There are 2 protein chains.
Amino acid sequence: MAEAGATPEGTEPAWRQRAVSRSLDSARSRAEKRAQRFLDAAFELMDEKGSTEFTIQEVIDRSGQSLRGFYQYFDGKDELLLALFEETVRESTDDIREVVDAETEPLARLHAYAIRLHEWCEPPDKPRKRGAHNRRPISEFMVQLAVNHPERVKGAMEPVSFLLLELVQDAARANLISVPDARRAAALVQQTVMYSWFGNRLIQNPRMRLSAEETWEFCLRGLRST
Amino acid sequence: MAEAGATPEGTEPAWRQRAVSRSLDSARSRAEKRAQRFLDAAFELMDEKGSTEFTIQEVIDRSGQSLRGFYQYFDGKDELLLALFEETVRESTDDIREVVDAETEPLARLHAYAIRLHEWCEPPDKPRKRGAHNRRPISEFMVQLAVNHPERVKGAMEPVSFLLLELVQDAARANLISVPDARRAAALVQQTVMYSWFGNRLIQNPRMRLSAEETWEFCLRGLRST
DNA sequence: TCGAGGCGGCAATGGTATTCTCCCAATTGG
DNA sequence: CCAATTGGGAGAATACCATTGCCGCCTCGA
């Protein structure tokens, strides 16, 4: 189980395909570079401002490209943000998989997954791994995205969801948890963990916040004999 | 426990206070009426369009009042939406409390709460109770609100949260669940239930959606011996 | 009756996304 | 090597909205 880069549907980033297919096939690599420049600029702005409220104009200026070009590669701002989101998920999937693969016991793997996913959105005070981005703004934007383009978000989350499904199935096979339907169980866990982070923003007093561990314990009990 | 209208901080709607305090005290009732007309118009538009993306202008036209007046009562569109949100929560609290009070057994009361809260956001195919509004757009907007004004959302949710806390405490006192900290447990339940609804929008296949009952069972197991 | 504040009507401003238009410069085919 | 085609830069023009400002009426209290 859990082979190296086992993304469900091929491994090519979805945004890349979309952006590139708009250009001629011969110019593919140049097109990718240009699209990438937009993405890089957007990531920078996002990291600096700590929010997704940069303007297209800023992205243009920063990337040293033209407005025209931007709309040639992206259908609009939402598409750009979706692309950022997809990139971030990809990054995170690798990160989570790494942590998970450090464990061998099925429950320990699930545990590692839950903790890491919960921390996924948090702004790490500790210096970020080189090249990793501040995920907070993206996570926040994700909920808006989930309202307006649920299918897209689901699609982008696929890698993370898929990994979790595997872990749940493994644990179930080992009789460590008893779930009648692995998919539903996985969905429940993913939701609980992710929105537990989101819900924390409604709680001022930091001591009242729900930690990753607490959330995990709650999930674990939920999984024992569904 | 669970006295009739036991809102934590007085029972006067918060938006009403805000809107009214902007006017002279003598003209209070007239001011309330005017503010209410704006709210009514906004509710209508929201119900019709199924979203909060109506324009201020539409609210003005529909309510037969002036732009000027609008900004006299509300600091901006966000305040209006917050007011709608608060009203809706109030409505729902009454509704939930009613269902809960039909039960006497602590766990049954908790169960009733969870189910009702989960359904809270769903667009009821069944004709709505007269005067009740389509809560979907509000619920959707709530997540945006939670990003931008977490404290306000928390404040508005207070009545619902408070009710849940009581129920959890009652159940704990009766030794039906064992939670070290009722507040945290309540928060966890509320989050799980509410976001379980929200998460469902990421699942196309209706048969894979998480039902209110499933979510409740998950919570219940989570509460048994924390 | 007079004056001031409440309020309707509406034009003006400001911030953004998105589209349009013009033009240059490089590539390419003859 | 030249001219046609086209990718792409600059940025003006549009389209929306929210929000503010300004003018003048009209009412209500003194």
Side-chain angles (χ1 to χ4, degrees), chain A residues 18-42 45-46 48-49 51-85 137 141 144-145 147-149, chain B residues 18-39 41-42 45-46 48-49 51-85 137 141 144-145 148-149:
Chain A
R18 279 197 301 282
V20 164
S21 68
R22 295 169 142 261
S23 171
L24 285 196
D25 199 70
S26 67
R28 167 171 302 241
S29 102
R30 185 158 38 102
E32 272 190 18
K33 265 204 200 69
R34 277 163 54 68
Q36 187 62 51
R37 303 237 313 270
F38 284 124
L39 284 184
D40 290 344
L45 286 164
M46 206 182 61
E48 284 168 23
K49 310 185 90 137
S51 102
T52 53
E53 300 201 334
F54 49 79
T55 71
I56 302 291
Q57 192 54 50
E58 286 171 311
V59 175
I60 303 312
D61 295 345
R62 172 88 51 141
S63 71
Q65 296 182 86
S66 72
L67 192 55
R68 175 91 188 292
F70 177 84
Y71 282 101
Q72 191 150 7
Y73 287 101
F74 299 96
D75 268 345
K77 194 181 181 185
D78 277 5
E79 291 298 318
L80 173 66
L81 291 169
L82 236 356
L84 294 182
F85 179 57
F141 191 69
Q144 331 241 119
L145 239 39
V147 169
N148 302 317
H149 310 288
Chain B
R18 280 197 302 281
V20 164
S21 69
R22 294 168 143 259
S23 170
L24 286 195
D25 199 70
S26 66
R28 167 171 301 241
S29 102
R30 186 157 39 101
E32 274 191 18
K33 265 203 199 70
R34 277 163 55 68
Q36 188 61 52
R37 301 232 320 263
F38 284 123
L39 285 183
L45 285 164
M46 207 182 60
E48 284 167 24
K49 308 185 93 138
S51 104
T52 53
E53 300 201 334
F54 50 79
T55 70
I56 301 294
Q57 193 54 51
E58 287 171 310
V59 175
I60 303 313
D61 294 346
R62 172 86 52 140
S63 69
Q65 296 181 86
S66 73
L67 189 57
R68 178 83 193 295
F70 177 83
Y71 282 101
Q72 191 148 7
Y73 287 100
F74 299 96
D75 268 344
K77 194 181 181 183
D78 277 3
E79 292 298 318
L80 172 66
L81 291 170
L82 235 358
L84 294 183
F85 179 57
F141 190 69
Q144 330 241 119
L145 236 41
N148 303 317
H149 311 288

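Keep in mind that what you see is a predicted model, and the values were worked out from it rather than measured. Chain naming here is simple, since letters A, B, ... match the order of the sequence lines and numbering starts at 1 in each.
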Exercise for the section: List the atom of A:L39, the atom of A:L84, and the distance in Å for their closest heavy-atom pair. Expected result: CD2-CD2, 3.6 Å
Practice task
Would you mind classifying the nucleic acid contact of B:F70 as base, sugar-phosphate or nothing, using non-hydrogen atoms under 4.0 angstrom?
Solution key: nothing
Completion exercise
Between A:F54 and A:L80, the two heavy atoms sitting closest are CE1-CD2, 4.0 Å
Fill in the blank from the handout: When rounded to whole Å, the CD to P distance for the pair B:E58 and D:dA18 reads 9 Å
Fill in the blank from the handout: salt bridge (Lys or Arg N to Asp or Glu O under 4.0 Å) filter on A:R62, not counting sequence neighbours, yields A:E44, A:E48
Handout entry: Parallel, tilted or perpendicular: rings of A:Y73 and A:F38 (30°, 60°)
Key = tilted
Exercise for the section: Name all residues meeting the ring-ring contact (aromatic ring centres under 6.0 Å, His included) criterion together with A:F141; count only those two or more places apart in sequence or in a different chain, and write none if there are none. Expected result: none
Problem - Nearest-Å distance for atom pair CD1/P, residues B:I56 and D:dT19 - result: 6 Å
Handout entry: B:N148 CG to D:dA18 C1', straight-line distance once rounded to whole Å
Key = 15 Å
Exercise for the section: For A:S63 and A:R37, work out which heavy atoms get closest and say how close. Expected result: O-NH2, 3.1 Å
Practice task
Let me know the distance between CD1 of A:I60 and P of C:dT18, rounded to the nearest Å.
Solution key: 11 Å
Look for any protein N or O under 3.5 Å of an N or O in nucleotides 8-11 of chain D and output each such pair with its distance, or none.
{"from": "D:dG8", "atom 1": "OP1", "to": "A:R30", "atom 2": "NH1", "distance (Å)": "3.2"}
{"from": "D:dG8", "atom 1": "N7", "to": "A:R68", "atom 2": "NH1", "distance (Å)": "2.7"}
{"from": "D:dG9", "atom 1": "OP1", "to": "A:R34", "atom 2": "NH1", "distance (Å)": "3.1"}
{"from": "D:dG9", "atom 1": "OP2", "to": "A:S66", "atom 2": "OG", "distance (Å)": "2.6"}
{"from": "D:dG9", "atom 1": "O6", "to": "A:R68", "atom 2": "NH1", "distance (Å)": "3.0"}

Practice task
Provide, to the nearest angstrom, the distance between the CZ atom belonging to A:F74 and the P atom belonging to C:dA17.
Solution key: 15 Å
Exercise for the section: Figure out the OH/C1' separation between A:Y71 and D:dT14, and round it to whole Å. Expected result: 12 Å
Exercise for the section: Rounded off to whole Å, could you give me the CD-to-C1' distance for the A:Q57 and C:dG15 pair? Expected result: 12 Å
Practice task
Using whole Å, report how far NZ of A:K77 lies from C1' of C:dT19.
Solution key: 18 Å
